[in-house]
Amino acid sequence: HRDLHLSIRRQRQMCIRDSDRMNKIKALTFDTGGTILDWHSGFREALKTVGEKYNYQKDWAFLTNELRRRSLNAMLNLGENEPPQYNFDDAHRFVLEELIEENNLTNFTQEDIRYIAYETVHNLKCWEDFPEILPKLKKNFIVCSFTILSYRIIIDTARKNSLCWDAVFSCEGIKKYKLLPESYGTVSRHLQIQPEECMMVACHNFDLDAAKRVGFKTAFVKRPDEWGEQGPPDPIPNPKHDIIAEDFPDLLIKMEKLL
């Protein structure tokens, strides 16, 4: 009985310490590409619109995901060994050009490429459950976009979707892209708070795991439709994340419980 009581007491003390640490959160830093913005629907419809203009019949959803996968890989850890030579807008363009060549979409013009790789991206819609949650989170936390997308993508999509961020941190300006630890450290330093006072919010384990290694708290928000019908490549949240939310209203509920 004595050992049992000691074990229960230790567990309670651990829960209290965990709660104290979570209560120190001052800022929420949001991944923005797939967590906030529905890139799949935007790219798929743009590719389909242009493709059908030339009577091309392709698996546009597959090409959309390939465009996303390759451009994402071109950005992660950029700046590790030398200053970045391009941003995400450039990556969208050169990956799209690769796909056009590989899939024999020879009728696509430079205007078509700009429409898909630039105009579509800068007008992406955000997930429907986010806009009404953002101002509610801002009542108690600094709420930032922290992204590998270009500054201009975040500016334009914020205006398009009436999103009012407290701050925008693009790795374009930091010159060190996620998943490099310097990118996360730079954000907490500019916010003038400790890493453990920041919570990274994302639907990607790779982003959250990198943030946690630097000391951030982490919140996984599920986005099952991010990759369309194919489904996300990494849908199961790491159980070590501090919060796992079904959607943004659920995130709000769980964050308010910490106050």
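Residue-environment remark: CZ (R69) exceeds the threshold of 12 foreign heavy atoms within 6.0 Å. The environment of L259 atom CG is dense: over 12 non-hydrogen atoms of other residues, nucleotides or ligands sit within 6.0 angstrom. More than 12 heavy atoms of other shown residues, nucleotides or ligands fall within 6.0 angstrom of atom NZ in K138. The 12-atom threshold is exceeded at NZ of K58, counting heavy atoms of other residues, nucleotides or ligands nearer than 6.0 Å. Remark: Q192 CD is loosely packed, at most 12 non-hydrogen atoms of other residues, nucleotides or ligands lying under 6.0 Å away. The 12-atom threshold is not exceeded at NZ of K160, counting heavy atoms of other residues, nucleotides or ligands nearer than 6.0 Å. For K254, the NZ atom counts as densely surrounded, since its 6.0 Å shell holds more than 12 non-hydrogen atoms of other residues, nucleotides or ligands.
Side-chain contact check for E226 and W127: no donor-acceptor pair (N or O, by modelled atom type) lies under 3.5 Å. In the model, S150 has no side-chain atom that pairs as donor or acceptor with a side-chain atom of N87 under 3.5 Å. There is a side-chain donor-acceptor pair under 3.5 Å between Y54 and D112.
With rounding to the nearest 0.5 angstrom, the OG atom of S41 is 8.0 Å from the CG atom of D225. A distance of 7.0 Å separates CG of L28 from CE of M199, quoted to the nearest 0.5 Å. Between the CD atom of E196 and the NZ atom of K212 there is a distance of 11.5 Å, given to the nearest 0.5 Å. Put simply, CG on D207 and CG on L76 are 8.5 Å apart, with the number rounded to the nearest 0.5 Å. For the atom pair CD1 (I116) and NZ (K48), the distance works out to 13.0 Å, reported to the nearest 0.5 Å. Expressed to the nearest 0.5 Å, how far CE of M75 lies from OG1 of T147 amounts to 9.5 Å.
Within the structure, ring pair (Phe, Tyr, Trp, His ring centres under 6.0 Å) pairs that include any residue of residues 137-163 comprise F146-Y184 (at least two apart or interchain). The ring pair (Phe, Tyr, Trp, His ring centres under 6.0 Å) analysis of residues 59-78, with sequence neighbours excluded, yields no pairs.
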**Message:** Could you go through I133 and L251, starting from their C-alpha distance and side-chain angles, then the distance that decides it, and tell me whether this counts as side-chain contact (heavy atoms from CB on, under 4.5 Å)?
**Reply:** CA-CA 9 Å; I133 298 300; L251 176 68; 5.8 Å; no

**Asked** Do L99 and E102 pass the side-chain contact (heavy atoms from CB on, under 4.5 Å) test, and can you show the C-alpha distance, the side-chain angles, and the key distance before you say yes or no?
**Response** CA-CA 5 Å; L99 291 171; E102 291 172 15; 4.1 Å; yes

**Request:** Mind running ring pair (Phe, Tyr, Trp, His ring centres under 6.0 Å) on H204 and F220 for me, showing each step along the way?
**Result:** CA-CA 7 Å; H204 311 121; F220 187 105; 8.2 Å; no

**Asked** Under the salt bridge (charged side-chain N to carboxylate O under 4.0 Å, His left out) criterion, do E66 and R44 qualify, and how do the steps go?
**Response** CA-CA 11 Å; E66 197 63 20; R44 187 191 66 232; over 6 Å; no

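In this view, D156 and H122, R152 satisfy the side-chain hydrogen bond (donor to acceptor under 3.5 Å, both in side chains) rule, not counting sequence neighbours. A search for ring pair (Phe, Tyr, Trp, His ring centres under 6.0 Å) contacts involving F248 returns F130, not counting sequence neighbours. In this structure F94 satisfies the ring pair (Phe, Tyr, Trp, His ring centres under 6.0 Å) test together with Y86, sequence neighbours excluded.
I36 and V168 end up in the same hydrophobic cluster when Ile, Leu, Val, Met, Phe, Trp and Tyr side chains are linked at under 4.5 Å. Hydrophobic cluster membership is shared by Y115 and I113, with clusters built from Ile, Leu, Val, Met, Phe, Trp and Tyr side chains linked at under 4.5 angstrom.
The closest donor-acceptor contact from the side chain of D242 to the backbone of K217 lies at 3.5 Å or more, if one exists at all. Under the 3.5 Å distance criterion, the side-chain polar atoms of Q85 are matched with a main-chain donor or acceptor of P83. When atom types are taken as modelled, the side chain of S71 and the backbone of R68 share a donor-acceptor pair closer than 3.5 angstrom. Between the T35 side chain and the C203 main chain, a donor and an acceptor come within less than 3.5 Å of each other. The main-chain N or O of K240 is found under 3.5 Å from a side-chain atom of N238 such that the two form a donor-acceptor pair. Side chain of S170 to main chain of L149: a donor-acceptor pair is present (N/O by atom type, distance under 3.5 Å, no hydrogens or angles). Looking only at distances, a side-chain donor or acceptor of E197 sits under 3.5 Å from a matching main-chain atom of Q194. Side chain of K222 to backbone of E246: no donor-acceptor contact under 3.5 angstrom is found. Looking at Y56, its side chain does come within 3.5 Å of a backbone N or O of N107 through a donor-acceptor pair.
For the salt bridge (Lys or Arg N to Asp or Glu O under 4.0 Å) with R223, the qualifying choice from D129, D247, D38, D31 is D129, the only one to do so.
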Identify all side-chain donor-acceptor contacts of residues 227-234 below 3.5 Å with residues at least two apart in sequence or on another chain.
{"residue": "Q230", "atom": "OE1", "partner": "N65", "partner atom": "ND2", "Å": "2.9"}
{"residue": "D234", "atom": "OD1", "partner": "N205", "partner atom": "ND2", "Å": "3.3"}
{"residue": "D234", "atom": "OD2", "partner": "N205", "partner atom": "ND2", "Å": "3.0"}

